[in-house]
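Below, chain A is the first sequence line, B the second, and so on; all start at residue 1.
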Amino acid sequence: MTALLSIDGVSKSFGAVCALSGVDLSVDAGSIFAIIGPNGAGKSTLFNAITGIYTLDSGTIAFDGRRIDGLPTFVIARRGIARTFQNLRLFGFLSAIDNVLIGEHARMRGTLVDSLLGTPRARAQERAARERARAWLDFVGLNDVGEQFARNLSYGAQRRLEIARALASQPRLLLLDEPAAGLNPTEKRELADLVRAIRDRGVTVVLIEHDMGLVMSLCERIAVLDHGEKIAQGAPAEIRANPAVIEAYLGAPA
Amino acid sequence: MIYVYVLATIAAVVIVERTRSRRVKLAILAALALTLAIVPFVDRTDATFNVLADAGVFVMLALGLNIVVGYAGLLDLGYAAFFAIGAYAYGILASPQFGVHLPFWAILFIAAACAGLAGIVLGAPTLRLHGDYLAIVTLGFGEIVPQVFQNTQAVGGPNGIAALDVPSALGHSFGTAAVPYYFVTLGGIALVAWVARNLGRSRLGRAWMAIREDELAAKHMGIDTTRTKLAAFAIGASFSGLGGVIFAAKLGLVSPDLFQFQVSVLILSMLVLGGMGSLIGVVVGSLVLSLLNSALLPNINAVIASTLHVNVDLTNYHFLIYGVILVAIMLFRPEGFLPNRERRAELHAAAITETSS
Amino acid sequence: MAGCSSSNTTSAKTITIGIDLALSGGDASVGQSTLNGMLLAIEEANAKGLPGGWKLVPQQLDDAVQGVHNPEQGVANARTFISDPSVLAMLGPYNSNVAAAQIPVTNAAGLAQVSQSTVSDELTIGDAAKSLRRQNPTANNFFRVCTTVSRQGTALAQFATRQLHLRTAYIVDDNETYGLDLANAFERDFGADGGTVLGHDHLAKNTQDFKALLTKIAAAKPALVFYGGVTSTGGGLIRKQMFDTGLGSTPFLGGDGIPDIATVAGKDADGSYYTIAAPDAAHAASARTFIASYEARFKSPVGAYSANAYAAAQVVIAAIEKALATDASTMPTRAQVLANVAATDGLQTPIGSIGFDANGDVKEPVLSLYGFKNGQPVFISQLNLTK
Amino acid sequence: MHEFLAQLVNGISVGAIYALIALGYTMVYGIVELINFAHGDVYTFGSFVALTVLTALGVSGEVHGIALVIDVCLAILAAAVVCGVLGIAIERFAYRRLRNAPRLAPLITAIGVSFILENVMQLWQGPAQVSFPAVFANPSLALGPIAVTVKQLVVVLLAVGAMLALQYIVHNTRLGMAMRATAQDRDAASLVGIDVNRAIALAFLLGGALAGLAGFVSGVYYQSAWFFNGFSAGLKAFTAAVLGGIGNIAGAMLGGFLIGIIESFATWKLGGQWSNVTVFAILVIVLVVRPSGLLGTKPIVKV
C-alpha cells in the first residue's frame, strides 16, 4: 500500500508553547486512521497544519506524493483534503443544502460570465449540483432538512451535515475532528457505520477522537500524540498494550 | 403623484417576492414594466421623473453595494469612490475640456470596467483585514479618491468638469428632459438586478455567502477567498461605475464634492433600511430614502401645507427629521423593511438567545 | 407630486418665486441669512402691493443633501420650479457648481434665474458659459448681482501693491470653487503688478487647525497673507491662529467671503481687508434702510450675502411688477419676466444700481474695500472697475 | 530643524484633541463593537456646554490666577458631566435595543443620532461658527529652540492626564474590571454576576465625558466652535483609534498623536490639500502591514 498522507518531522510552536515537535505520520490510502491523545496534545494543531492554516516551523507534509505544506488552505482543499471541525463551523444562516453546495464549490465549473448571466449551462450545472447535494444529504441520513437553516438543526444533524459538506468536495482524504463529541450511543454507532461507508467509497479517513471504544472498533491504525510528540503508532491492539500510552492517559506512575 | 408611483412599485415588487407561482410573478413584473414605461407619456411632470431617475441611480448603486456588503459581508464605507470613478470617466470621455466625445453607451462599458478595476486595486490591500478594520480602510479610500480628483487641476480641481455631452439614443439627443434618463435607469436597474439575482444563486454567490458566514470554513471548502472577495469588490464597483455615468450625464457635471463620505453612508443606509442581502429590500430601501431626501424633505413645508393645511417652516429641521426617521426605522425594524431569509432568522435567533440567557 | 402643491393651496392670484439654496448642514449659516434677504424683499413687495392685487409667494428648496450642497438636488429643485406653472422666476443658488448643473435645465425652460453669490467666471463668460446654454444659446437666462471672482482678485491685488505697498504675498485658498478661483485671480494680478508670490497652498476640507500651515507661512516671511475662501472654511480661524504663529501683525486679505470673520476672530480681525461687490452702506441710503429692516425682522445681523440676496430678489420682483403693469389681469409669462430681468437697468438696490450686460453680469460693478478696527468693519475706499 | 520641531509641536497639540476623542471611540468599540458615529457630535456638544458655562461665569477673555482654575474646572466638569450623560442617553435610547440586532443596524442609528445632535446644536447655537473666549493668556514659553504656547501645553497635559486616569479606571477598579469582562464575553460576564448594562453604560459615560473634555479643550485651543465640526473630527479620531488598534487605550492615544503629527508634516511638506489623503494613505499602509493596528493584538486563529 502507498501512503496517501505522509507527515515528516513536523514542528510548530506558538511563542514558548511547543504544539508539535518532530511529528512523523503516514496514512495509507483506503484506511481509517485515528489520532488520539490527551487534551492539548496537539491533535487539532496537526489538522490545522495539514490544511494549511498554520505555517510549519519545520518538517514537510506530502499528499499523494506531492508536498502540500506552505500551500494556501483552499489549494490544499482542492487537492482533495476535506475536513470537519471540532467546534462545528457550519454556515449557520444558510440552508443545509446550500452548505453542501458550498462544499461542491471546487468541483463545480463555471466562469464569471456564467455566474453573472445565469447561462443555461450554469443553470444545468446548478441543477445537477443540487441533485448531488441532495444525494449527499441522503447519504449522511439527512433527507428532509434541506431547506432548514444549518443552525436550526439538532446537534447530531449538524455533525452529519458537516460531514456531508466535506464529502461534497469529493475528497480523497477526510479529516474528522472529534466527530463523536456530544453524540449519544446510538448516534455514535450510526457515525461508525457512516465512517465505514465513507471509507468504502474509497475515501481515506483520519479522525481525532476521545471515545476509545469507537476508536478501537473503527480504526485500523492509531497514532498517539502527547505534548506535541508522537509517542506511539500501530494497530489498536498494540496501542492498547503500549505502556507509554497508558502513562500518557493515566499520568506518570507516582 | 410621485409617492403613488413609488408606493405602487414597492407594492408590486413586494407581491412578487411573496408570491410562489412563477407565472404570477412574471405577470406582475411584466405589468409593472409596462406601467413604468407608459407612465411618462401620461404624466408630463418633468420634476417627477427627475426625482425617479435620480432615485434610479441610487437603486443601482445600492444593488452594487449589496454585492459587497450584503452578499460577501465586507463592510465598505467608501463606496462613493467607485461612483466617483464612473462619473469622472464620463466627465473625461465626454466633455469639451478634453475634446473627447465618446458616445454615452460606450462609456457605460468603459466606466464599468474602470470602476471594476479600481475595485480590484482598492480591494487588494483590504483582503487580510476583518470587520471594522476593513471598514476603516475602505472609508480611507472613500476620502482619498475624491480628494485626489479635487487636487488634480487636470480634471478641473474643485470645479470639476462641467458642460458634459448630452447623450443621445438612435440619433435623438436626450435634451434636458429627465424622462430619457428615467428610461435609462429603468433599464439599468433591470440589468443590474437581474445580474445580482443570478449571482446570488450562483456558485460565486454561494462562495460570497460562505465567506460572510465563516471565512475559515470557506477556505476549507476550496474557496479562493482572495479572488472571491476581489470579485465582489469588482462587480459591486462596476455597478456603481454604471450609475456614475448615468449620474454625470444627467447632471452634465462632475465635481469632487459630489462623492463625499456622506454619499457612501447614504447608500449604506439604503441597504440597511431596506434589508441587506435581499434584492427587493435594497430596491425598496433606496427608493424610500431617495424619495425622502430629494422629494419629501426639500418640499416638506409645501407637503405639510397641502396635506395638513398648516403653514410651518421646517427648513431648519431637515437633519433632525432625517435623523429621527433613521433612528425610528432601525429601532422598530432593525432587520430592515424587507430582510432576506437569513437576516430574519438571525434576528429571531438573537431574540431566542436573549430570552434564554 | 414633488412640490407642485404650493400653487394649489393658495389663492389664484399668486405668483411663486422659487428659491434654491443650501439651507442645512455645513452651508446652513450662510444659506439662512441669504434666504432671509430674499424673503425680506418679497415680504416688502407684498406689503407695498403689486398691480392687480397679485401676491408673491416664496418657495424655498434646500439643495443640501446629507449636509452638503448638492448639484443633483439643485437640478431636482430647479425642475420642481419648472414643473410648477406659477413659478415665474428663480433665485439662487449659492454654489457655482450647483449653478453649472442648473443652467442647462433652466435655460431650456426659459426660466429667469438670478443668483446672489455664484461668482465663477465660467457661468456667464466665454465658451464654457455658451456650452451651458446649449439648449437655447440665444437666450441667456442666468443673471447674477455679484461680480466675478477675477474682478475681485484684480482689485485686491491692486490694493495690496498700490495702496498697502506690499510686495510679497503668501496665498492660501480653501480648495473650493470660489476660493481657488479668487486665489488664482489674485496670484495672477499680484504678480503682474510687481508683487512676488512666495507660495500658494490649499486647505484640506473640514479642518480647524491651521497652525502647521501658518508655521510654514511664517518661515517664508511674507508681507501679506491672501486668503481665497469663506469664513466657515477657515477664514476666521486662520486669521485667529496667525496670532499664535507670530503672523499677528501681517495683513490678511480676502474677498467677499470673509466680511464676517470677526464673528470667529473677534478683535483679531483687525489687520484684515476684504472687498464687497457693492457700494458701502454709509454711502447708500438703500443699504442703511435694508440693514435696519433686516435686523428688525430677523433679530440677527445681516449675513455676507444678505444684501446681495435682497438685490437679486428685487431684480425679479421688479421684472414681475413691470409685466403686471402692462397687463395685471392674467399671470405674466416666464418669457416676459425673463425679458424684463434681462432689460434690468438702473435698479436701485442696497448694493448699488444694477443693470445687466449681455452675459448676465452686472454692468458697472462697484467694489468696496473694508478693513477692521476693534473687530468692526471699517470702510476704506470704493473701487470702480470697468473691465 | 527649527521648523521641524515647531511642526512636531503643532502636530502633538492637534493630536492631543484627536486622541481624547479617539479614547471615547475605543472605549465604546471595545465593549460593544459599535462604531459610534455620533461620538464626534458629542464632542462638539461639549464645546458648546463649556462655552455656555464660561459665558454664564462672565468669562469673555483672558483669566488669571485662582479665577482661571475655578472657571476652567467648572467648564470642564460641566462639559464632561453633560456629555457623559448624553453618552448614556444615546446608548439607552438608540443602541441598547439593537444590541442583538444585525450588526449594521446600530451603525445606522448612530448616524441618525449624529444628524439629530447636529441639528439640535444648530438650533441652539446658530448655524455659524461661534467665537470662544481666549481663556488662557497667550505668551509663548521658550522650550529650547521653539516656542510653545500655554494653550498647547494645557491641551497635551489634559489629554495625557485623561488617558492615565482612564487606564487606571479600566485596569484598577472594580467597575473597570466589570467593563473589561463585559468586553471579553458579555454572556460569561453576566453569568458571574456583572451587570452588563451598567458596564456598557459606564463605557459610554466615560467616553462621553472624555468627548466633553475634548470639546472644552478644542474650544479654548481654537477659540471657536461650530455645530458641524464633530463630523470630520470624529472621522479623524475614529481613524486614530483604528490606527492604534481599536479597543486599546494606549493605542487610541498613540493613533491620535500620530495623525496629528502626520497632518502637520503633510501640510508642511506636501501642502494642506494633501494632509487628509496622506493620513488615510498611511492608515491603509499600516493596516496592510499590521491588520490589527499598531498596538492591537492579532487574534489567534482558533479552530
Side-chain angles (χ1 to χ4, degrees), chain B residues 1-4 43-51 54 57 95-97 147 150-151 157-160 162-163 166 175-178 247 250-253 255 257-258 260-263 265-266 291 293-303 305-307 309 311 313 315-319 322, chain C residues 1-6 8-10 23-25 28 32 35 59-73 75-84 95-97 100-101 104-105 107-109 120 122 127-132 134-135 174-177 179-181 202 204-205:
Chain B
M1 275 320 275
I2 187 165
Y3 302 106
V4 176
D43 179 348
R44 295 295 198 151
T45 322
D46 192 47
T48 301
F49 295 96
N50 180 67
V51 170
D54 290 348
V57 170
S95 72
Q97 265 94 328
Q147 290 215 20
Q150 180 156 15
N151 293 342
N159 290 307
V166 178
T176 48
F247 175 85
K250 176 168 174 295
L251 197 58
L253 167 94
S255 64
D257 52 357
L258 292 166
Q260 291 181 16
F261 179 60
Q262 284 92 337
V263 177
V265 167
L266 176 63
L291 211 60
N293 257 319
S294 56
L296 183 61
L297 280 181
N299 291 292
I300 189 136
N301 296 344
V303 170
S306 65
T307 53
H309 302 286
N311 280 308
D313 185 4
T315 317
N316 270 327
Y317 297 84
H318 266 185
F319 264 32
Y322 184 73
Chain C
M1 207 172 297
C4 309
S5 28
S6 63
N8 308 334
T9 53
T10 40
L23 295 168
S24 58
Q32 302 279 348
L35 173 66
Q59 190 193 351
Q60 67 265 33
L61 296 181
D62 184 1
D63 66 35
V65 175
Q66 312 275 309
V68 187
H69 60 267
N70 184 313
E72 184 189 27
Q73 191 57 41
V75 170
N77 295 344
R79 288 182 196 266
T80 303
F81 296 141
I82 291 165
S83 292
D84 179 349
N95 302 90
S96 289
N97 66 351
V105 176
N107 174 262
S120 176
E122 284 82 10
D127 289 343
K130 277 196 198 109
S131 53
L132 291 179
R134 60 200 152 193
Q135 285 295 309
D174 63 4
N175 212 15
E176 301 208 2
T177 309
L180 181 67
D181 286 354
H202 316 275
K205 68 181 158 100

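- Contact of C:Ala28 with chain B is not made at all, since no heavy-atom distance falls under 4.5 Å.
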List the steps and the verdict of side chain to side chain contact (heavy atoms under 4.5 Å, CB included) for B:Asn299 and C:Gln59.
CA-CA 9 Å; B:Asn299 291 292; C:Gln59 190 193 351; 3.7 Å; yes

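- Proximity to chain B (any heavy atom under 4.5 Å) is restricted, for C:Asn77, to the side chain, taken from C-beta onward.
- With a threshold of 4.5 angstrom between heavy atoms, C:Lys205 approaches chain B through side-chain atoms but not through N, CA, C or O.
- Contacts between B:Leu251 and chain C at a heavy-atom distance below 4.5 Å involve backbone atoms as well as side-chain atoms.
- For the pair C:Glu72 (side chain) and B:Phe247 (backbone), a donor-acceptor distance under 3.5 Å is absent.
- When C:Asn70, C:Asp181, C:Leu35 are compared by the number of non-hydrogen pairs under 4.5 Å with chain B, C:Asp181 comes out ahead.
- Residue C:Ser96 does not touch chain B at all, counting heavy-atom pairs closer than 4.5 Å.
- Residues C:Asn175 and B:Asn151 have side chains in contact (heavy-atom distance under 4.5 Å, counting atoms from C-beta outward).
- Checked by atom type, the side-chain pair C:Asn97/B:Asn159 shows no donor-acceptor distance below 3.5 Å.
- Both the backbone and the side chain of C:Leu61 come within less than 4.5 Å of a heavy atom in chain B.
- Residue B:Gln147 touches chain C through its side chain alone, counting heavy-atom pairs closer than 4.5 Å.
- The shortest side-chain heavy-atom distance between B:Asn293 and C:Gln73 does not fall under the 4.5 Å cut-off.
- Put simply, of B:Val4, B:Asp54, B:Leu258, the one with the most heavy-atom pairs under 4.5 Å next to chain C is B:Asp54.
- Heavy atoms of other residues, nucleotides or ligands lying less than 6.0 angstrom from CZ of B:Phe261 number more than 12.
- B:Ser255 touches chain C through its side chain: at least one heavy atom from C-beta onward sits under 4.5 Å away, while N, CA, C and O do not.
- Of the N and O atoms on the side chains of C:Gln32 and B:Asn316, at least one donor lies less than 3.5 Å from an acceptor on the other residue.
- The parts of B:Gln150 that come within reach of chain C are both its backbone and its side chain, each placing non-hydrogen atoms under 4.5 angstrom from that chain.
- Contact annotation for B:Ala178: both backbone and side-chain heavy atoms come within less than 4.5 Å of a heavy atom of chain C.
- A donor-acceptor pair is defined here as one N or O able to donate and one able to accept, closer than 3.5 Å; no such pair exists between the side chain of B:Thr176 and the backbone of C:Ala108.
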I'd like to know whether B:His318 forms a side-chain hydrogen bond (donor to acceptor under 3.5 Å, both in side chains) with C:Asp62, so could you lay out the CA-CA distance, the side-chain angles of the two residues, the decisive distance to 0.1 Å, and finally the verdict.
CA-CA 9 Å; B:His318 266 185; C:Asp62 184 1; 2.6 Å; yes

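- With hydrogens and angles left out, the side-chain atoms of C:His69 and B:Asp257 include a donor and acceptor closer than 3.5 Å.
- Annotation for C:Ser83 and B:Asp46: closest pair OG-N, 3.7 Å, computed over non-hydrogen atoms.
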